[in-house]
Amino acid sequence: MVFLHLFIVNKSGGLIHHRALSPKAPKIGTNEWLRIGSTFHSLHAIAAEASPLRLPQNKNLAGADDGIEEIQAEGMILRSLQTRTGVKFVITAEPGAPDLDYVLREIYILYADCALKDPFYELEMPIRCELFSQSVDALIQKVEKGRR
């Protein structure tokens, strides 16, 4: 069981970070990533509006309410975390991969610690912080070692 991709979408639907997390991950070009990010943002917004059930007073402890949290397919799982500021963290993994919520919350913490505290990073812009990339790699390795 392997983590495949990570992508981060800002509150206006722009892709601000994408990367493969494993050599097994399918190769996807930059233009396709941009389309995936904006399409996911649109589907997330539609799902939030179409949702027949709403959590009262934003009681979801993991992040913002409504929208797409998980999509399961035969060959992969897509799990997302939307923060209260509207940034969406999305990870794909092989079926049966545990700890997806934990990994997303930890990536959010790394984003806050590495990218947001970088004096050269501007909100809503692509994340080009080497410390963030290295920290995500270390987290993925730690989680995958813990599973074996």
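Excluded from the calculations below are hydrogen atoms, water molecules and symmetry mates; all remaining heavy atoms, backbone and side chain alike, are included.
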Between Lys88 and His41, a side-chain donor and acceptor under 3.5 Å
yes
side-chain contact (heavy atoms from CB on, under 4.5 Å) between Leu6 and His17, worked out
CA-CA 8 Å; Leu6 166 69; His17 188 77; 4.1 Å; yes
Spacing of CG belonging to Asn10 relative to OG1 belonging to Thr83, to within rounding of 0.5 Å
10.5 Å
I need the single residue from Leu78, Leu21, Leu4 that forms a side chain to side chain contact (heavy atoms under 4.5 Å, CB included) with Ile91. Which is it?
Leu21
With a 3.5 Å distance limit and no angle check, can you tell me whether Glu94 reaches the backbone of Val2 through a side-chain donor-acceptor pair?
yes
Quick check on the hydrophobic clustering: are Phe7 and Ile71 connected, directly or via other members, by side-chain heavy-atom contacts under 4.5 Å?
yes
Among Lys11, His44, Glu69, find the residue that satisfies the side-chain hydrogen bond (donor to acceptor under 3.5 Å, both in side chains) test when tested with Gln82.
His44
Count I, L, V, M, F, W, Y as connected when their side-chain heavy atoms are under 4.5 Å apart, and connections chain through other members. Are Tyr102 and Leu100 then in the same cluster?
yes
So, for Lys27 and Pro23, which heavy atoms are closest and what is the spacing to 0.1 Å?
NZ-O, 4.0 Å
Among the clusters formed by ILVMFWY side chains lying less than 4.5 Å apart, do Ile28 and Phe40 turn up in the same one?
yes
Show your reasoning for whether side-chain contact (heavy atoms from CB on, under 4.5 Å) applies to Ser12 and Glu124.
CA-CA 8 Å; Ser12 53; Glu124 306 294 312; 3.8 Å; yes
Straight-line distance of Arg105 CZ to Leu110 CG, nearest 0.5 Å
13.0 Å
CG of Asp113 to NZ of Lys117, rounded to nearest 0.5 Å, is 4.0 Å
Quick one: closest heavy-atom pair of Ala20 and Ala25, and the distance?
CB-CB, 4.0 Å
Give a yes or no on whether Leu139 and Ile109 share a hydrophobic cluster (residues Ile, Leu, Val, Met, Phe, Trp, Tyr; joining criterion: side-chain heavy atoms under 4.5 Å apart).
no
Which heavy atom of Val90 sits nearest a heavy atom of Ser80, and at what distance?
CG2-CB, 3.8 Å
Should Ile36 and Leu43 be regarded as members of a common hydrophobic cluster, given that ILVMFWY residues are connected when their side-chain heavy atoms come within less than 4.5 Å of each other, either directly or indirectly?
yes
For a quick test of reading the model, state the closest non-hydrogen atom pair linking Ala115 to Ile127 and the distance between them.
CB-CG2, 4.1 Å
With rounding to the nearest 0.5 angstrom, report the OG to CG distance, Ser133 to Asp137.
7.0 Å
Does a sphere of radius 6.0 Å around CD in Glu122 hold more than 12 heavy atoms from other residues, nucleotides or ligands, not counting ones at 6.0 Å or beyond?
no
Is the shortest side-chain heavy-atom distance between Arg79 and Asp101 below 4.5 Å?
yes
Roughly how far, to the nearest 0.5 Å, is OG of Ser135 from CD of Glu130?
9.5 Å
Which value, rounded to the nearest 0.5 Å, describes the distance between Tyr121 atom OH and Arg128 atom CZ?
10.5 Å
Just by modelled atom types, is the Val103 backbone N or O under 3.5 Å from a matching donor or acceptor in the Asp99 side chain?
no
Ile8 vs Phe132, test: side-chain contact (heavy atoms from CB on, under 4.5 Å). Steps then yes/no.
CA-CA 12 Å; Ile8 304 172; Phe132 177 70; 3.8 Å; yes
Is Thr92 close to Phe3 at the side-chain level, that is, under 4.5 Å between some pair of heavy atoms?
no
Between His5 (side chain) and Pro26 (backbone), is there a donor-acceptor pair under 3.5 Å?
yes
Ignoring hydrogens and angles, tell me if any N or O in the side chain of Ser38 forms a donor-acceptor pair with the backbone of Gly13 under 3.5 Å.
no
Between Leu131 and Cys114, the two heavy atoms sitting closest are CG-SG, 3.7 Å
As a quick check of understanding, evaluate side-chain contact (heavy atoms from CB on, under 4.5 Å) for Leu116 and Leu123, giving each step before the final call.
CA-CA 8 Å; Leu116 294 182; Leu123 286 176; 3.5 Å; yes
